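Shown next, in structure tokens, is the structure this report addresses.
Throughout, residue positions are numbered sequentially from 1 according to the sequence presented. The structure displayed is predicted, hence computed values, not measured ones. Atoms within each ligand, like the ligands themselves, are counted from 1 in listed order.
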Amino acid sequence: MNHLRDNTSFVLCGDIAFSESKNKIVTYRKGYLVCVDGICKGAFNELPEEYRSLPLYDYGTRLIIPGMTDLHVHAPQYTFRGIGMDCELLDWLKNYAFQEEFKYYDMQYASKAYSFFTYDLKRCFSTRAVIFATLHTEATIELMTQLEKTGLITYVGKVNMDRNSDNLQEADASASLKATRQWLESIDGKFKNTKPILTPRFIPSCSNDLMRGIGQLSKETGLRIQSHLSENPSEVEWVKELVPESTCYANAYEIFDTMGTPDCPTIMAHCVYSDEREMKILKNHGAYIAHCADSNMNLISGIAPIKKFLDAGINIGLGTDVAAGSSMNMLKTILITHQASKMYYRLVDNNVKPLTFEEIFYLATAGGGRYFGKVGTFKPGYDFDAVIMDDSIMHTMRDISVRERIERMCYNDADDIINEKFVKGKKVYSSIKA
Ligand code: GUN
Ligand code: FE
């Protein structure tokens, strides 16, 4: 059972949980989960006749859940996570993030640091991730090369930035766009699971010409865009000064044609200060909000009203936002998302009910997974992304349900319980000894 195999048609047996909708987690005790050619055929209490000839792997009472999607994470910031946590956003960027990212011109440094990131990403709950690199082309290609070897499916962006960033910036818009085209040419056809995404850092780091150029490049190539939106009060004020003709921060992205379309959706991280006007813009463009609750606590940014966004039908997933978020463990992200939404209700607006655990589990799996297509649940037709866990080390005196075990696992934010990970039916990680 432990060796990594190429066969992507099989049956797993174990205690299964997944989101059927944002309001419902379905569970199976000693259920069967069928994968044919990397695609899920469904979960069953009794194994249907037609699948009985497939190899069956019995995981006993281990938990089997869909792989999670980290919709927003900065790979080059991974190795300084947990440091500089007394700052707000703009000081933290200047004094910590930009200082660190500057070092990625040095390929020896980049290669080593990215090996720590990819090693840990492979072993966490995420099977999919959308990643910021740095502005350095060579180091970004190195990150993509390392990620491709993990078997995970990711988007990676060479960052664009040409202003307000001290020594971490490209000469001007045309230099930044030229470097981006060169990056795209160098990786063309090179990777199967590691896709490029256009990554203007945020409006304060990108001139109007650069933003416009990214918008055009997205139109021309069909490539998606990721960026940051309405994270911190000083940042929001700054954007008003930088783009005075905009009606709000989201409108500034709209002006530059970088908010995307439902077929080519942009990811906007944070949206802590997105009001009704911004919500309308996000929804009209089919954009995804990457909700980063841990980061928003750490940088004293605030709490995004995710329940409002969810009820309005805006696309949402969860992001760890390392290193403003201090961990790539999506269980910790789930826990903090839940706690933050409870405090939003209690302290900010008691018309906005706390998110339910069901809703947050959905966001971590199917909500973010949707960005990648049919991903994040075990309904028939979805990519077979799964994580197998042994939660027996969390002792209990009760006969708890599978649903309770999932909730408890998130509230314990354990990360040493992962046994195996599958991506599109391919086993990419196993810690089970022979
Ligand atoms: N806004 C622009 N860049 C960053 C970053 O690296 N992290 C966070 N949290 N916000 C940003
Ligand atoms: Fe970020």
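- Taking the six-membered ring where the residue is Trp, Phe384 and Phe422 present perpendicular rings, their angle passing 60° and hence far from 30°.
- With hydrogens and angles disregarded, no donor-acceptor distance shorter than 3.5 Å links the side chain of Lys22 to the backbone of Leu363.
- Remark: Arg212 engages Asp209 in a salt bridge, criterion side-chain N to carboxylate O under 4.0 Å.
- Classified by interplanar angle (parallel below 30°, tilted 30° to 60°, perpendicular above 60°), the ring pair His228/His74 is parallel.
- The side chain to side chain contact (heavy atoms under 4.5 Å, CB included) with Met259 is formed by just one residue from the set Asn251, Ile225, Leu282; it is Leu282.
- Stacking of Arg224 on the aromatic ring of Tyr371 is recorded, both the 6.0 Å distance cut-off and the 45° axial limit being met.
- Protein N/O/S atoms closer than 2.8 Å to the Fe ion (ligand 2): His72 NE2, His74 NE2, His228 NE2, Asp321 OD1.
- With salt bridges taken as basic N to acidic carboxylate O contacts below 4.0 Å, none links Lys307 and Asp349.
- The residues Arg181 and Glu185 are annotated as not salt-bridged, no charged nitrogen and carboxylate oxygen being separated by less than 4.0 angstrom.
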Table of N or O contacts for ligand 1, cutoff 3.5 Å:
residue  : atom   : partner : partner atom : Å
ligand 1 : 3 (N)  : Arg201  : NE           : 2.8
ligand 1 : 6 (O)  : Gln77   : NE2          : 2.9
ligand 1 : 6 (O)  : Arg201  : NH2          : 2.7
ligand 1 : 9 (N)  : Glu231  : OE2          : 2.9
ligand 1 : 9 (N)  : Asp321  : OD2          : 2.8
ligand 1 : 10 (N) : Glu231  : OE1          : 2.8
ligand 1 : 10 (N) : Glu231  : OE2          : 3.4

Original post:
Which is it for Tyr109 and Glu100 under the side chain to side chain donor-acceptor pair (under 3.5 Å) test, yes or no, and what are the steps along the way?
Top reply: CA-CA 11 Å; Tyr109 188 93; Glu100 181 68 24; 2.6 Å; yes
